[in-house]
Amino acid sequence: MTNDRPTRREMLARIGSAGLAAAGVAGGAVWLNSRPGFRGRATVTTIPSFAVDLEAGRPAMVIARGPDPAVLVRGIFEEMGGIGSFVGEGDRVLVKPNAAFDRPVWQAATTNPEVLGAVVAECRKAGAAEVVVTDNPIHAPEGCFRKTGLGKATEDAGGRVVLPGPRQFTNVALPGTILDGWETLTGPLDGITKVIGIAPVKDHNLAKASLTLKNWYGLLGGPRNRLHQRIDDAIADLGVLMRPTLSILDGTRILFRNGPTGGSPDDVKVGDVIAASIDGVALDAFGTTLLDLDPADVGYLGLAEAKGVGTADWASLSPKEIAG
């Protein structure tokens, strides 16, 4: 794993501005979750679209059910025209899992490492020159990637984890949204040609559901707790900010209550489902059904649809269902 660590002077400045007396793991978590402004780093970045068009006749959404995540991932790619429909020889791929918490796999608060590993392996088989995995967790990044198993899964499959550091954040240009000018983890996107998001299916105490659109929240820096007052707007705007090559919904385990952190085995149920789509709104609308919710009751879906991000009528995509 590599990172872009702050200099001693930068770290001391951040500690002082946050009113902390010492920098430890807890301090690192505060720094990540409510980061002060990066002094002298006013670079403005526009994130390009990484979207692709599928071959005619291929489904825009595939839902795969079964107990083996690697089999489901391969089956999804096959139905959508093969991994070559998304990743080709020489591509540099960024994969964004949810690694937000320093939690063990069984708690289902983060992406299943088996799913991540399968996706990274498929990208490498397709001839990707590099597969980078990154996230800006709430807890200390090293601990999150270690305890969740996401770091090992990445490296075992031939990928490379990039941990967040202050020099990797810039302000993004997104006029007309509440994210315009927001500090965002854009450094790992340098030279990237394809982007894949992998999000677990989780209950969320504010947004009702944490799915693939919410997963891009992990690219934000700054005082992102301020966005909680307008969480639906923020999530919808994330769909404008990031136009990925493919979105993957990890329902192998489902955190159906007490999300987004959970903590008890009683909060988790086996889902044995993975779904993927080039339409993140439709994918998330399907994902709400795994939480026994009505898509119409999840505010950000309608807002994202109104912004042209996708359709909340997931059934209109005529998704292909397969068994693994």
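Throughout, residue positions are numbered sequentially from 1 according to the sequence presented.
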Practice problem: Given side-chain hydrogen bond (donor to acceptor under 3.5 Å, both in side chains), test Thr186 with Thr170 step by step and report yes or no. | Solution: CA-CA 6 Å; Thr186 58; Thr170 59; 2.7 Å; yes

Rounding to 0.5 Å, atoms CG (Leu238) and CG (Leu219) come to a distance of 8.0 Å

Any salt bridge linking Glu79 with Arg58? Criterion: basic side-chain nitrogen under 4.0 Å from a carboxylate oxygen.
no

Min side-chain heavy-atom separation Val105-Pro113 under 4.5 Å: yes

>> Are the side chains of Val87 and Phe77 in contact, using a 4.5 Å heavy-atom criterion?
In response: no

Between Val281 and Gly310, the two heavy atoms sitting closest are CG2-N, 3.6 Å

Rounded to the nearest 0.5 Å, the CG atom of Asp91 sits from the CZ atom of Phe86 at a distance of 12.5 Å

Flag if over 12 foreign heavy atoms under 6.0 Å of CG, Asp53: no

Open item on the list: Determine whether Leu163 and Phe145 satisfy the following criterion, side chain to side chain contact (heavy atoms under 4.5 Å, CB included), listing intermediate values before the conclusion.
Closed with: CA-CA 9 Å; Leu163 301 178; Phe145 275 97; 3.7 Å; yes

On a heavy-atom basis, the closest approach of Leu213 and Gly280 is CG-O, 4.4 Å

Problem - Derivation of the side chain to side chain contact (heavy atoms under 4.5 Å, CB included) call for Val172 and Ile47 - result: CA-CA 7 Å; Val172 293; Ile47 298 177; 4.2 Å; yes

On a heavy-atom basis, the closest approach of Val201 and Gly251 is CG2-CA, 3.8 Å

| query | Does any N or O in the side chain of Thr111 come within less than 3.5 Å of the main-chain N or O of Ile198, such that one atom is a donor and the other an acceptor? | reply | yes

Within one Ile-Leu-Val-Met-Phe-Trp-Tyr cluster: Phe286 and Ile235, side-chain cutoff 4.5 Å: yes

| query | Are the side chain of Asp237 and the backbone of Ile178 linked by a donor-acceptor contact shorter than 3.5 Å? | reply | yes

Spell out, as yes or no, whether a donor-acceptor pair under 3.5 Å connects the side chain of Trp106 to the backbone of Pro265.
no

(request) Run the numbers on Leu72 and Ile322 for side chain to side chain contact (heavy atoms under 4.5 Å, CB included), then give the verdict. (result) CA-CA 8 Å; Leu72 299 188; Ile322 61 173; over 6 Å; no

Any donor-acceptor N/O pair, Asp250 side chain to Ala199 backbone, under 3.5 Å | no

With sequence neighbours left out, the residues meeting side chain to side chain donor-acceptor pair (under 3.5 Å) with Arg92 are Glu130

So do the side chains of Tyr217 and Asn136 get within less than 4.5 Å of each other, counting heavy atoms only? no

dist Asp284:CG -> Ser247:OG (nearest 0.5 Å) comes out at 7.5 Å

Distance col, row Thr45:OG1 vs Glu183:CD, nearest 0.5 angstrom, shows 11.5 Å

Report yes if some heavy atom in the side chain of Asp297 is under 4.5 Å from a heavy atom in the side chain of Lys208; otherwise report no. yes

Show your working on salt bridge (Lys or Arg N to Asp or Glu O under 4.0 Å) between Lys96 and Asp135 and close with a plain yes or no.
CA-CA 6 Å; Lys96 165 64 175 75; Asp135 195 13; 3.0 Å; yes

Verify, without hydrogens or angle tests, whether Arg103 (side chain) and Thr261 (backbone) share a donor-acceptor contact under 3.5 angstrom.
yes

Between Pro137 and Ala99 the two heavy atoms that sit nearest each other are CB-O, 3.4 Å

Q. For Ala60, does its backbone N or O pair with a side-chain atom of Ser277 as donor and acceptor, under 3.5 Å?
A. yes

(message) Taking Leu303 as the starting point, is it possible to reach Leu241 by hopping between hydrophobic residues whose side chains are less than 4.5 Å apart?
(response) no

* Ignoring hydrogens and angles, tell me if any N or O in the side chain of Thr184 forms a donor-acceptor pair with the backbone of Leu220 under 3.5 Å. => no

Review point. Okay, side chain of Lys202, backbone of Pro260: is any donor-acceptor separation there less than 3.5 Å?
Key: yes

Q: Starting from the C-alpha separation in whole Å, work towards a yes-or-no answer on salt bridge (Lys or Arg N to Asp or Glu O under 4.0 Å) for Glu155 and Lys152.
A: CA-CA 5 Å; Glu155 293 166 357; Lys152 185 177 187 302; over 6 Å; no

Quiz item: Val273 and Phe256: same hydrophobic cluster, using ILVMFWY side-chain contacts below 4.5 Å?
Solution: yes

Contacts of Glu305 meeting salt bridge (Lys or Arg N to Asp or Glu O under 4.0 Å) (sequence neighbours excluded), chain-then-number -> none

Practice item. Please check if the side chain of Asn258 supplies one atom and the backbone of Ser264 the other of a donor-acceptor pair under 3.5 Å. Key: no

| said: Contact between Ile254 and Val268 at the side-chain level, heavy atoms closer than 4.5 Å - yes or no? | reply: no

His139 vs Phe101 aromatic rings, parallel, tilted or perpendicular, using cut-offs 30° and 60°?
-> perpendicular

Asp279 meets the side chain to side chain donor-acceptor pair (under 3.5 Å) criterion, sequence neighbours left out, with none

Notebook entry, point to check: Any side-chain heavy-atom pair from Thr134 and Val161 closer than 4.5 angstrom?
Noted result: no

| message | A side-chain contact here means heavy atoms from C-beta on lying under 4.5 Å apart; do Val73 and Ile274 qualify? | response | yes

### Query
Are any non-hydrogen side-chain atoms of Val120 and Val133 less than 4.5 angstrom apart?
yes

With Asn112 as partner, the option from Asn98, Thr148, Thr252 fulfilling side chain to side chain donor-acceptor pair (under 3.5 Å) is Thr252

Nearest heavy-atom approach of Ala173 to Thr46 is CB-OG1, 3.8 Å

Fill in: hydrophobic_cluster_shared for Val52 and Val93, side chain cutoff 4.5 Å
yes

All heavy atoms of Ala100 vs all of Cys144, minimum pair found to be O-SG, 3.7 Å

**Donor-acceptor contact present, side-chain Arg124 to main-chain Ala129, <3.5 Å** = yes

Could you go through the side chain to side chain contact (heavy atoms under 4.5 Å, CB included) check for Cys123 and Ile196 one step at a time? CA-CA 10 Å; Cys123 292; Ile196 298 174; 3.9 Å; yes

Give a yes or no on whether Val195 and Val240 share a hydrophobic cluster (residues Ile, Leu, Val, Met, Phe, Trp, Tyr; joining criterion: side-chain heavy atoms under 4.5 Å apart). yes

Output for pair (Asp102 CG, Thr110 OG1), nearest 0.5 Å, gives 9.5 Å

Taken to the nearest 0.5 Å, the spacing of Met61 CE from Lys320 NZ works out to 14.5 Å

Would Arg257 and Asp203 pass as an ion pair if we require N to O under 4.0 Å? no

